[in-house]
Each structure stands twice: as C-alpha cells, then as structure tokens.
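Below is one structure, written out as structure tokens, with a few remarks after it.
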Amino acid sequence: MSKEKPSIPQGTRDFGPEVVRKRSFIFDTIKKTFELYGFQPLETPAMENLATLMGKYGEEGDKLIFKILNNGLGEPKKIDKSRAAFENVLQGKNDTHLTERALRYDLTIPFARYVAMNHGQLVFPFKRYQMQPVWRADRPQKGRYREFYQCDADVVGSTSLLNEVELASIYHDVFTHLGITGYELRINNRKILAALAELCGGQDKMTSITIAIDKLDKIGIVKVKEELLQRDLNEEQITTIEKYLQITGNNEQNLTQIRSLIGGVEIGRKGIEEIEYVLGINTDARLVVDFTLARGLDYYTGIIFEARAPKEVKIGSIGGGGRYDDLTGLFGVPGIPGVGISFGVDRIYDVMEELKLFPAEVHTGTQILFFNMGEQESRTAYKQVQQLRAKGVRCELFHEPAKMDKQFKYAERKGIPFVAILGSQELTEETCVVKDLRTGRQERVPLAELIFYSFI
RNA sequence: GUGGCUGUAGCUCAGUUGGUUAGAGCAUCAGAUUGUGGUUCUGAGGGUCGCCGGUUCGAGCCCGGUCUGCCACCCCA
C-alpha cells in the first residue's frame with residue numbers, strides 16, 4: 001500500500017453532485033436544442049490514432065496533443081526500435097514505435113474521420129451533434145483546463161448558407177434558454193481575410209495577417225503594426241491592414257466600408273455577400289460583424305463565428321465555429337463541405353455561476369426525508385417511502401434511529417425541503433407530520449393521503 | 001513550452017527579525033436540555049505547516065528542487 005496523498009492530474013477536475021446537476025442542465029439544454037434542429041447524436045473514442053490528429057491543428061496545435069505511450073516498449077524484441085524511436089522524438093519528430101495513439105483534441109477532426117470512414121452509408125446532408133470531453137496539453141489557468149467538454153453540431157454535405165443561418169439561431173436559442181442574454185455572436189468570413197491577404201501580397205501572408213489582427217483588442221493597433229513589420233509586411237501593406245482594422249460602426253456601415261476596401265477582389269466580394277445573406281435572414285441583434293475575428297483553426301474557409309460571454313465576466317469566448325470546405329479530403333474523401341459550431345460548456349458554467357443564472361430547479365435532489373423514529377416506526381415509514389417512490393417522488397428514510405436534531409441537520413445539509421416525522425403517536429393514528437423546512441410550517445397528514453401531496 | 005506569484009485544521013485566515021508543546025473564527029463530533037434541529041452551556045477530535053532535500057544548535061519562516069492553483073506570453077473553449 002502506498003501512502004501517497006490522493007491527487008488528480010494538472011488541469012483536470014472532479015465534479016461533485018451539485019456541479020454535475022448544474023452541468024447537466026447546460027448539456028440538456030444544448031442537446032434539446034440540437035435535436036430540435038434535426039441533429040443526431042454521435043460518440044467517438046477518447047483516443048484516436050496519432051496520425052489522424054497530427055497536422056490538423058497547425059504547428060501549435062500539434063504540440064498540445066496528448067500522446068499516449070505505447071505498451072510493451074521494453075520487450076526484448078522491440079527494445080532497439082523503442083530506443084531509435086525515442087531518439088526521433090527527442091529531435092521533435094513523431095514515431096509510431098513510441099506513440100501511435102493520442103487523446104482527442106477536439107470533436108471536429110474525429111467527426112471528419114468518421115464521415116470519411118462511413119460516407120457510403122450516411123444520408124447527406126449529415127447533421128450530427130457530439131458532446132464529449134477533449135484533452136489539450138495546455139498550461140491551465142482559470143477557464144482553461146486540460147480536460148474539458150465540447151458540444152459540437154456540424155452539417156456536412158451541404159454548401160447552403162441556410163446552415164449558417166440555422167447554426168446562428170442555435171446559439172441564440174441555447175443562450176436564451178440558459179439565461180445568458182448579454183452574449184455577443186461575432187461573425188466574419190475567412191474569404192474576406194483571404195482578400196485582404198491578396199491585397200497585401202498574396203495568400204502566403206494570410207496566416208501572419210490573421211494571427212496579428214486577432215490580437216487587436218488585446219495589444220492595440222501600434223503593437224499589431226509592429227508585429228506585422230516583423231512578419232515581413234511592408235509599409236504599404238500595413239497601411240492597407242490599418243484601414244481594414246479601422247472599420248467601425250454598425251453591421252451595415254461595416255459592410256459598406258469593407259466593400260470599398262476589398263470589394264474589388266473576387267473572393268472578398270463573395271465573402272461579403274455571404275455575410276449579407278446570413279444577416280438578411282437571421283436578424284438577431286446580437287449578431288455582429290467583426291472583421292478582426294480570425295479563429296485559430298486552420299481548416300476554416302468560409303463564414304466563422306465566435307460567441308463571447310457578456311463583457312462583465314471577462315471570460316471571453318464561450319463558443320465558436322465556421323465553415324470548412326473539404327475537411328474529409330484530409331482523409332482521402334474529397335468533396336464533402338461542412339459547417340459547424342461548438343459550445344464551451346466549462347466556460348458557460350463559469351459565466352452562469354458568476355451571473356447566478358442557474359435556476360432553482362436544477363436542484364433535483366431528495367424531496368422528502370422520513371425520520372427514523374425507531375424500529376417499528378421505520379417499518380411503516382419504509383412502506384410510505386416505497387409508495388411515494390412509485391409515484392416518482394424522490395425520498396429517503398434516515399438510515400438509522402437517531403436524535404431528531406441529527407436527522408434535521410442531515411436534511412438541511414443535503415438541501416432536502418421536506419421531512420416527515422412518523423413516531424409512536426403517529427403510528428397509532430396512522431398519520432405523519434410533514435414539515436416544510438424552508439417555511440417551518442408543518443401539518444399532520446393521514447398516511448393514506450400522503451401520495452396526493454406534492455413535495456415541491 | 002517560457003517567465004512570475006502561490007500553498008498553514010474540512011472552510012476562511014493569523015503566525016512578529018528563524019527559538020520551547022503552531023493559533024482564531026466557522027464547521028465537525030460527544031454530553032446536557034427539548035417529540036421539532038439550526039439558541040445556550042460543557043467538552044473533544046483534527047495539522048509530519050503541499051511534497052523532497054539542504055543551511056542551522058534550532059526552520060511554518062532562509063536556500064534548492066518538485067507538485068498544485070493562479071497570472072502573463074503562446075494559444076484557445
């Protein structure tokens with residue numbers, strides 16, 4: 001037996017009863033909404049083959065993938081290969097002789113893998129949702145974990161912008177049901193960013209530009225310009241980008257200004273039209289155009305979304321998504337475009353906790369506790385408990401005869417609203433005393449009538 | 001991955017320039033009084049001061065390492 005103090009890995013958490021209830025409230029709300037829009041559930045394994053994940057999330061992403069050490073590395077037969085593989089890894093390469101599996105990093109790539117494997121059987125457009133944990137070898141901070149949950153909904157096999165419209169509506173519906181009214185849903189289009197890159201010397205500049213402008217609200221225009229200089233952009237190009245970043249106003253004004261700046265570029269014009277289409281149907285006031293929105297993931301090619309928490313909580317992004325052409329092309333099945341969104345449950349939880357948005361109904365614990373007043377009394381009480389359970393009332397019988405104050409304390413600490421006292425006197429009368437601990441009010445109820453009571 | 005801050009009882013924290021058996025409040029448990037608790041009274045338990053090592057006659061306090069949480073960078077949910 002070891003005497004180690006129990007602990008859990010960095011950036012992971014246990015969820016106690018109260019927390020699980022609150023989290024379930026969020027999951028249930030999201031799930032219900034996804035299903036209302038016709039999405040179907042999917043689950044994939046926690047681990048994928050490393051090759052499935054590598055190279056899909058950019059250079060930084062690759063570093064954040066949790067790799068799983070192979071078993072049996074020390075087998076006499078394999079030991080030379082293991083050593084050689086280890087040398088490779090020390091040089092920053094991957095080697096399947098050391099790690100051939102890894103924990104999933106997000107839900108989109110495993111989904112793409114699934115679609116690529118099963119495209120022959122699926123009905124397109126295929127709409128699936130998935131709510132599972134993902135893992136990242138990031139350094140944890142508040143609102144940043146190494147294991148966290150994502151709730152994704154994606155549509156593949158359709159280029160219709162109606163999908164984008166619906167996904168934006170899903171954000172609205174979910175946040176509204178959760179009571180998060182102050183959220184903001186930002187929208188941009190990678191095509192507009194591509195057009196900007198084209199104006200600034202070519203597509204190869206796109207990554208540099210997006211990385212720099214993504215930081216605008218954090219470091220300010222001056223530092224962004226410095227960064228662009230370092231990334232080999234010349235004065236003229238930076239001036240163009242500055243003009244781009246200075247676009248302000250409401251959605252309509254923004255679009256007018258962007259049109260005059262990049263409307264001359266074919267792909268840019270297309271991007272603008274797409275946003276206009278979506279805004280024309282989905283008129284939610286919280287949908288705001290933000291040309292500085294870039295989104296890190298490399299695979300986005302069209303409209304991109306980011307849901308931001310109400311400003312006062314300083315939590316930032318609570319969801320995001322976008323359109324990707326040909327995600328499954330990476331797995332040898334080209335020509336399946338898609339678009340998807342994701343909810344960050346852990347951050348949504350923090351937002352709701354901070355703004356006190358969890359409704360009282362999330363507490364679905366025991367409704368009534370029967371006191372244990374002695375051997376005979378508890379037998380009768382148990383019959384009552386079983387009858388109430390059959391009616392769907394969540395109840396408990398105190399596990400042993402004990403002093404009343406002890407039983408009261410148990411009920412109070414577990415947040416049980418009602419107690420039933422069935423002692424010797426009640427036993428002969430065939431009644432029991434029902435007390436509402438929240439109001440202190442109590443009344444004597446015949447046992448036969450107990451099942452008509454509502455314990456809410 | 002880089003840099004910085006942090007860690008004392010279940011919880012919130014004290015702990016003076018390193019000096020005897022490390023404290024408080026709340027919580028817990030037991031006893032007293034009550035067929036109705038959370039009031040009162042009495043008492044008790046609980047900490048190898050995150051962990052490992054070093055300096056010192058002596059370390060909660062100084063030094064090194066390590067782990068955790070947090071902050072910035074990076075990146076993102």
Side-chain angles (χ1 to χ4, degrees), chain A residues 2-13 16 26 30 57-65 92 104-108 131-152 207 210-212 214-215 218-219 223 227 293-298 300 304-309 314-321 341-351 369 371-374 377 398 401-414 416 418-427 429 432-444:
Chain A
S2 80
K3 285 182 204 161
E4 276 175 57
K5 282 194 178 174
S7 65
I8 54 174
Q10 185 184 39
T12 65
R13 298 150 296 163
I26 299 173
I30 294 172
Y57 308 106
E59 210 174 307
E60 287 301 315
D62 283 355
K63 290 184 197 160
L64 299 179
I65 293 171
R104 92 163 84 75
Y105 178 91
D106 72 354
L107 302 178
T108 307
M131 310 198 296
Q132 288 188 282
V134 302
W135 293 269
R136 294 188 189 176
D138 210 351
R139 199 178 279 200
Q141 281 177 34
K142 192 183 175 191
R144 261 185 120 155
Y145 305 99
R146 291 186 144 183
E147 178 187 66
F148 62 96
Y149 280 72
Q150 287 190 335
C151 299
D152 280 25
T207 310
T210 54
I211 288 173
D214 202 31
K215 296 179 186 169
K218 218 171 200 177
I219 62 177
K223 294 255 169 139
E227 179 146 354
L293 177 63
R295 306 278 314 156
L297 295 175
D298 283 350
Y300 291 128
I304 48 180
F305 293 110
E306 183 165 297
R308 294 209 185 161
K314 289 186 181 148
I315 286 177
S317 173
I318 50 175
I341 56 168
S342 181
F343 287 89
V345 174
D346 302 86
R347 286 191 180 175
I348 291 172
Y349 181 95
D350 291 342
V351 170
L369 172 74
F371 278 16
N372 190 325
M373 305 296 286
E377 291 88 340
F398 199 76
K403 288 199 200 177
M404 289 183 82
D405 74 328
K406 197 171 180 180
Q407 306 196 45
F408 268 119
K409 275 187 181 162
Y410 177 80
E412 190 186 43
R413 291 196 63 191
K414 277 191 78 173
I416 300 172
F418 291 94
V419 299
I421 302 166
L422 202 159
S424 55
Q425 192 187 330
E426 289 80 8
L427 199 59
E429 287 176 2
C432 73
V433 171
V434 174
K435 178 167 181 167
D436 185 334
L437 293 186
R438 294 163 301 187
T439 60
R441 238 180 308 178
Q442 65 181 56
E443 66 179 304
R444 199 164 286 269

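Proteins come first, then strands; the chains are lettered A, B, ... in the order of their sequence lines, and each starts at number 1. Note that the structure is a prediction, hence the values are computed from the model and not measured.
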Toward the 5' end of RNA chain B, by each residue's nearest nucleotide, A/G344 or A/E60: A/E60

Taking for each residue the nucleotide of RNA chain B with the nearest heavy atom, is it A/A307 or A/A137 whose nucleotide lies nearer the 5' end? A/A137

For A/Y145, what residues pass the ring pair (Phe, Tyr, Trp, His ring centres under 6.0 Å) criterion, not counting sequence neighbours?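 For A/Y145, no residue satisfies ring pair (Phe, Tyr, Trp, His ring centres under 6.0 Å) once neighbours in sequence are set aside.
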
[N] to [M] separation - [atom1] atoms, rounded to the nearest Å:
| N | M | atom1 | answer |
| --- | --- | --- | --- |
| B/G65 | B/G10 | P | 29 Å |
| B/C41 | B/G25 | P | 13 Å |
| B/C26 | B/U40 | P | 9 Å |
| B/C61 | B/U56 | P | 16 Å |
| B/G35 | B/A22 | C1' | 45 Å |
| B/U6 | B/C63 | P | 11 Å |
| B/A30 | B/G15 | P | 34 Å |
| B/G50 | B/C70 | C1' | 15 Å |

Are any of the side-chain heavy atoms of [X] and [Y] separated by less than 4.5 Å?
| X | Y | result |
| --- | --- | --- |
| A/R444 | A/E426 | yes |
| A/M404 | A/I421 | yes |
| A/R136 | A/D106 | yes |
| A/I30 | A/I26 | yes |
| A/F148 | A/V134 | yes |

Could you pull out the protein-nucleic contacts involving nucleotides 6-9 of chain B (nitrogen or oxygen on both sides, under 3.5 Å)?
none

Write down the distance between [atom1] ([X]) and [atom2] ([N]), rounded to a whole number of angstrom.
| X | N | atom1 | atom2 | value |
| --- | --- | --- | --- | --- |
| A/R136 | B/C75 | CZ | P | 14 Å |
| A/I304 | B/A77 | CD1 | P | 11 Å |
| A/D350 | B/A77 | CG | P | 15 Å |
| A/E59 | B/G1 | CD | P | 17 Å |
| A/F148 | B/C76 | CZ | P | 11 Å |
| A/K63 | B/C74 | NZ | P | 13 Å |
| A/M131 | B/A77 | CE | P | 18 Å |
| A/D62 | B/G1 | CG | P | 16 Å |

Taking every non-hydrogen atom, the tightest pair across A/A420 and A/C432: CB-SG, 4.3 Å

Of the non-hydrogen atoms in A/F305 and A/L293, which two are nearest, and what is the gap between them? C-CD2, 4.0 Å

For the [atom1] atom of [X] and the [atom2] atom of [Y], what is their distance to the nearest 0.5 Å?
| X | Y | atom1 | atom2 | value |
| --- | --- | --- | --- | --- |
| A/L107 | A/M131 | CG | CE | 10.5 Å |
| A/Y57 | A/T108 | OH | OG1 | 7.0 Å |
| A/L64 | A/W135 | CG | CH2 | 15.5 Å |

Report the residues that fulfil side chain to side chain donor-acceptor pair (under 3.5 Å) with A/D436, sequence neighbours left out, ordered by chain and then residue number. A/R438

Under 30°, 30 to 60°, or over 60°: which ring-plane class applies to A/Y410 and A/F398, parallel, tilted or perpendicular? perpendicular

Base, backbone or nothing for each nucleotide of nucleotides 66-73 of chain B, written B, S, -, heavy atoms under 4.0 angstrom, 5' to 3'? --SSSBBS

Pair A/M373, A/L422 - check side chain to side chain contact (heavy atoms under 4.5 Å, CB included), show working. CA-CA 7 Å; A/M373 305 296 286; A/L422 202 159; 5.5 Å; no

Between A/R146 and A/T12, is there a donor-acceptor pair closer than 3.5 Å when you use the side chain of the first and the backbone of the second?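 Checking the backbone N and O of A/T12 against the side chain of A/R146, no donor-acceptor pair under 3.5 Å is found.
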
Extract from the structure each pairing of a protein N or O with an N or O of nucleotides 35-42 of chain B at less than 3.5 Å, listing the distance.
unit_1: B/G35; atom_1: O6; unit_2: A/S424; atom_2: N; d: 3.3
unit_1: B/G35; atom_1: O6; unit_2: A/S424; atom_2: OG; d: 3.3
unit_1: B/G35; atom_1: O6; unit_2: A/Q425; atom_2: N; d: 3.0
unit_1: B/G35; atom_1: N1; unit_2: A/E426; atom_2: OE1; d: 2.9
unit_1: B/G35; atom_1: N2; unit_2: A/E426; atom_2: OE2; d: 3.4
unit_1: B/U36; atom_1: O2; unit_2: A/K435; atom_2: NZ; d: 3.1
unit_1: B/U36; atom_1: O2; unit_2: A/Q442; atom_2: OE1; d: 3.0
unit_1: B/U36; atom_1: N3; unit_2: A/Q442; atom_2: OE1; d: 3.1
unit_1: B/U36; atom_1: N3; unit_2: A/Q442; atom_2: NE2; d: 3.3
unit_1: B/U36; atom_1: O4; unit_2: A/Q442; atom_2: NE2; d: 3.4
unit_1: B/G37; atom_1: N2; unit_2: A/E412; atom_2: OE1; d: 2.5
unit_1: B/G37; atom_1: N2; unit_2: A/E412; atom_2: OE2; d: 2.7
unit_1: B/G38; atom_1: N2; unit_2: A/E412; atom_2: OE2; d: 2.5
unit_1: B/G38; atom_1: N3; unit_2: A/E412; atom_2: OE2; d: 3.0

For a stem of at least 3 consecutive Watson-Crick or G-U pairs with distances under 3.5 Å, i pairing with j, i+1 with j-1 and so on, which stems involve RNA chain B?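 If one scans RNA chain B for consecutive Watson-Crick or G-U pairs, the stems found are B:1-5 with B:69-73, B:10-13 with B:23-26, B:28-32 with B:40-44, B:50-54 with B:62-66.
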
